[in-house]
Amino acid sequence: MATFLSKLGRLAFRRKGVTLLLWLLVFVGMGVAASSAPAPPADTFSMPGTESQEAFDLLTEKFPDASVDGATARVVVRAPAGTKITTPATRTEVERLVTELEVSSPQVVGVADPYESPAVSISEDGTTAYTVVTYKVPAAEVDDEAHDALDAATEKAREAGLTVEAGGDAVKIEQAMGGTGEQIGILVSAFVLVLTFGSMIAAGMPLITALIGVGIGISGITALGSTFGLSGTTSTLAMMIGLAVGIDYALFIVSRFRAERAEGRTPEEAAGRAVGTAGSAVVFAGLTVIVALAGLAVVNIPMLTKMGLAAAGTVAVAVLVAITLVPALLGLAPVKVMARRGRLRYAVKPLSDRQRRRAARHEAKLAGRTRPNLGTRWARYVLRHPVIVLLVGVIGLGTVAVPAASLELGLPGEGQMSTQTTQRKAYDLLSESFGPGFNGPLTITVQTMSADGTGAASAGTPADARRTGDEIGKALARTPGVASVSPATANKAGDTAILTVVPTTGPTEKKTEELVHALRDTADDLERSTASRILVTGQTAMFIDFSQTLDDALLPYLTLVVGLAFLLLMVVFRSVLVPLKAALGFLLSVAAALGAVVAVFQWGWLADVFGIDAPGPIMSTMPIFMIGVVFGLAMDYEVFLVSRMRESYAHGARPGEAVVDGFRYGGRVVGAAAVIMMSVFSGFIVEDNDFVKMIGFALAIAVLFDAFVVRMAIVPALFALLGRSAWWLPKWLDRILPRVDVEGEGLAGTQPAARSPRESTLVG
């Protein structure tokens with residue numbers, strides 16, 4: 001592996017013009033393909049194997065006229081204080097609002113008049129009513145004209161003295177991300193890179209190559225969107241993790257190139273060795289990330305599977321960019337990539353007298369520096385106090401992880417939006433006037449079945465289907481937690497009826513989830529006595545099933561990802577204990593990160609500090625996404641840091657010396673990479689949306705725990721305690737495992753030059 005990649009790096013360095021041209025053609029070609037591709041399909045959400053999805057499919061089949069996927073807006077109107085919604089003056093204004101909504105946009109197909117069904121659309125106290133605006137296009141296709149028309153109509157009604165708010169998927173999201181936080185994160189990243197490398201050229205390479213890799217990946221997803229059903233949101237995870245690993249991989253190779261140059265090697269030789277050693281670590285780190293992302297398929301939710309595979313493809317592009325494009329760029333600036341202060345000593349052109357004097361002064365200054373770098377000092381401290389460092393790290397993370405035992409999963413809804421948004425205001429108005437469960441109604445489908453035991457649908461008359469549905473509705477109404485049950489509505493074929501159950505509790509409350517399970521248990525008993533098939537669905541039920549599906553898949557997903565990564569790392573490091581501690585350390589950092597998220601976003605600790613409006617359940621997709629992203633970054637740090645230790649150990653260093661070497665050359669780079677990722681992810685915390693805050697906070701704190709506590713403290717402490725045992729591998733296993741030579745033992749001239757304090761300063 002190292003020999004092949006070294007040759008590849010040398011080739012890219014020598015043929016930099018050809019390499020750059022090829023990548024330029026790929027970049028432009030993918031951009032052209034993306035721009036000429038058909039529009040990506042709209043987002044489709046399905047959960048095969050769940051009762052909610054089965055019921056939804058049945059409704060689509062049996063009620064084709066009602067199964068329109070058009071967007072809706074629910075406009076809530078409250079009368080002025082001291083009046084009723086039915087008083088003549090107020091009714092006139094409400095009817096004017098209904099008319100305005102109906103004619104405001106060509107995308108509107110209908111508006112319900114609340115006075116035609118007052119028992120349903122007007123609250124018992126007579127102060128509040130609501131109307132539903134139906135659009136002929138899905139939410140993603142509602143245009144700005146329609147949004148503006150809705151806003152204008154509601155604003156005109158407010159001017160008339162009414163309280164008017166709107167919710168639903170047709171309403172413009174007011175919590176759109178501003179992007180300010182992301183920009184700050186990128187600026188911090190650039191500053192850290194400049195500080196790390198002391199060179200604008202070296203700092204720019206990881207950013208540029210990461211953007212190129214992500215650009216190619218996202219363009220590829222867009223180009224293939226219509227063919228493979230990849231919606232516009234499929235690229236979300238690909239963009240996030242593609243940028244993260246793209247910066248890391250380029251950072252590792254540029255850093256190794258500079259270290260090889262500092263040891264006196266020629267630019268081409270340094271490029272070859274950088275790609276052969278650090279590039280090998282990049283390849284295997286990339287493989288572990290790809291495993292983690294492709295493993296999302298075990299969740300059995302098509303949307304997540306597509307997101308995972310798309311992100312895995314982007315990571316593969318990032319790996320290829322790192323081992324080919326990065327050495328080509330190094331070939332363009334082999335001297336300017338070095339730190340500015342000591343750049344003259346690497347010049348390939350003859351120096352002037354003035355430059356020679358400057359170089360001599362710099363050499364004399366460096367020769368007087370004998371203090372080892374920070375990474376070396378920290379590694380030596382850990383080697384002297386391994387037990388204390390290990391206990392502090394493990395106990396500290398274990399304490400932070402305690403709240404994770406109370407993790408509750410849910411999906412975002414209007415009830416968790418900012419209290420300043422019209423969606424949240426409409427949600428609160430409906431809860432106050434119609435009850436908290438009104439925002440999360442459940443849909444019950446009742447399909448009459450044949451009594452001959454075949455299980456086939458039995459056609460009848462709509463009246464028969466309604467009668468059966470009402471009978472079942474009366475039985476379900478006796479279930480604790482049910483506020484009301486609507487009359488049944490039958491389809492034209494007379495074999496299926498639907499009814500609506502309104503819970504007494506809100507859609508995200510635990511009691512509502514318990515009610516869904518209770519209704520399904522009751523339905524199982526009713527099916528036998530009524531010869532029907534009863535299914536519970538609706539948005540609330542689908543959210544509950546989605547959370548349960550993710551919860552059930554979490555352990556198998558972790559087992560698959562960690563297991564395959566364990567095998568890969570065992571091949572890389574020729575050890576059983578090294579991959580074992582890497583996996584256990586990752587699990588510890590993830591548990592601690594989840595504990596912090598639960599404490600802040602579910603329990604509400606420090607809610608005012610982070611600007612959290614409504615603490616509540618943790619977004620269902622967050623743990624899975626966090627595991628995928630953080631696992632990739634954790635394995636990056638593990639592979640890069642420990643591969644330097646393995647390389648030193650393979651070249652004859654004692655275990656303690658190997659740990660110090662790993663931190664001397666890799667500690668600063670891994671620390672810089674972690675700070676960069678933390679700054680990028682922390683940018684999301686300043687956004688208005690609570691769920692965006694949650695993702696940013698979770699990823700930032702997970703990187704903090706994994707990089708600085710697990711990789712920088714617990715890992716070296718364990719190496720100090722295990723000694724040579726850390727590299728133990730049974731002989732029979734050593735014979736059957738493939739040899740990939742990540743540490744570069746097969747490269748010519750592998751033995752590094754003797755290191756001096758001066759060189760340590762240059763490469764640290």
Side-chain angles (χ1 to χ4, degrees), residues 5 8-9 11-13 15-40 182 186 189-190 193 204-254 275 279 282-283 285-294 296 305-332 628-629 632-633 636 673 676-677 680:
L5 290 178
L8 181 63
L11 179 63
F13 186 89
R15 307 297 185 191
K16 49 186 173 293
V18 175
T19 305
L20 292 171
L21 178 60
L22 289 175
W23 276 111
L24 179 62
L25 290 175
V26 172
F27 185 79
V28 173
M30 294 304 293
V32 171
S35 62
S36 60
E182 294 176 83
I186 293 175
S189 302
L193 285 169
M205 280 187 187
L207 291 174
I208 292 172
T209 54
L211 290 173
I212 290 174
V214 168
I216 293 173
I218 300 302
S219 297
I221 294 170
T222 304
L224 298 173
S226 60
T227 303
F228 294 102
L230 306 177
S231 66
T233 58
T234 303
S235 60
T236 303
L237 183 61
M239 181 177 295
M240 178 181 293
I241 198 167
L243 275 174
V245 300
I247 293 174
D248 279 0
Y249 295 165
L251 175 63
F252 295 159
I253 290 178
V254 172
V275 177
V282 164
V283 169
L287 284 175
T288 59
V289 182
I290 291 171
V291 166
L293 295 171
L296 287 172
T305 300
K306 292 175 182 178
M307 291 182 72
L309 293 177
T314 304
V315 171
V317 173
V319 172
L320 293 174
V321 166
I323 61 177
T324 57
L325 181 58
V326 171
L329 290 176
L330 290 171
L332 291 178
V629 175
L633 296 175
D636 286 351
I676 288 169
M677 290 305 103
V680 172

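The shortest heavy-atom contact between Gly308 and Leu296 is CA-CD1, 3.6 Å. Contact record, Thr222 with Ala37: O-CB, 3.9 Å, taken as the closest heavy-atom pair. Considering every non-hydrogen atom in both Ala322 and Pro327, the closest pair reads O-CD, 3.4 Å. Closest heavy-atom contact between Ala318 and Val245: CB-CG2, 4.1 Å. The two residues Ala238 and Thr314 have their closest heavy-atom pair at CB-OG1, 3.5 Å. The two residues Pro206 and Ala250 have their closest heavy-atom pair at CA-CB, 3.6 Å.
Judged as a side chain to side chain contact (heavy atoms under 4.5 Å, CB included), and not counting sequence neighbours, the contacts of Leu8 are Leu5, Ile323, Thr324. Residues passing the side chain to side chain contact (heavy atoms under 4.5 Å, CB included) test with Leu332, sequence neighbours excluded: Lys16, Leu20, Leu329.
One N or O on the side chain of Ser35 and one on the backbone of Val32 form a donor-acceptor pair closer than 3.5 Å.
Between the CD1 atom of Ile253 and the CG atom of Asp248 there is a distance of 11.5 Å, given to the nearest 0.5 Å. Separating the CG atom in Leu325 from the CG atom in Leu320 is a distance of 10.5 Å, to the nearest 0.5 Å. Between Thr288 atom OG1 and Leu293 atom CG the span is 9.5 Å, to the nearest 0.5 Å. Rounded to the nearest 0.5 Å, atoms CE (Met307) and CD1 (Ile241) are 11.0 Å apart. Interatomic distance, CG of Leu251 versus OG1 of Thr209, reported as 9.5 Å (0.5 Å rounding).
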Inset, instruction - Start with the C-alpha gap between Val214 and Val317, add the side-chain angles, then the distance that decides, and say whether side chain to side chain contact (heavy atoms under 4.5 Å, CB included) holds. - result: CA-CA 8 Å; Val214 168; Val317 173; over 6 Å; no
Legend entry - Full working for side chain to side chain contact (heavy atoms under 4.5 Å, CB included) between Ile212 and Ile208: CA-CA 6 Å; Ile212 290 174; Ile208 292 172; 3.9 Å; yes
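Trp23 places a side-chain heavy atom less than 4.5 Å from the side chain of Ile216. Using a 4.5 Å heavy-atom threshold, the side chains of Asp636 and Leu633 count as touching.
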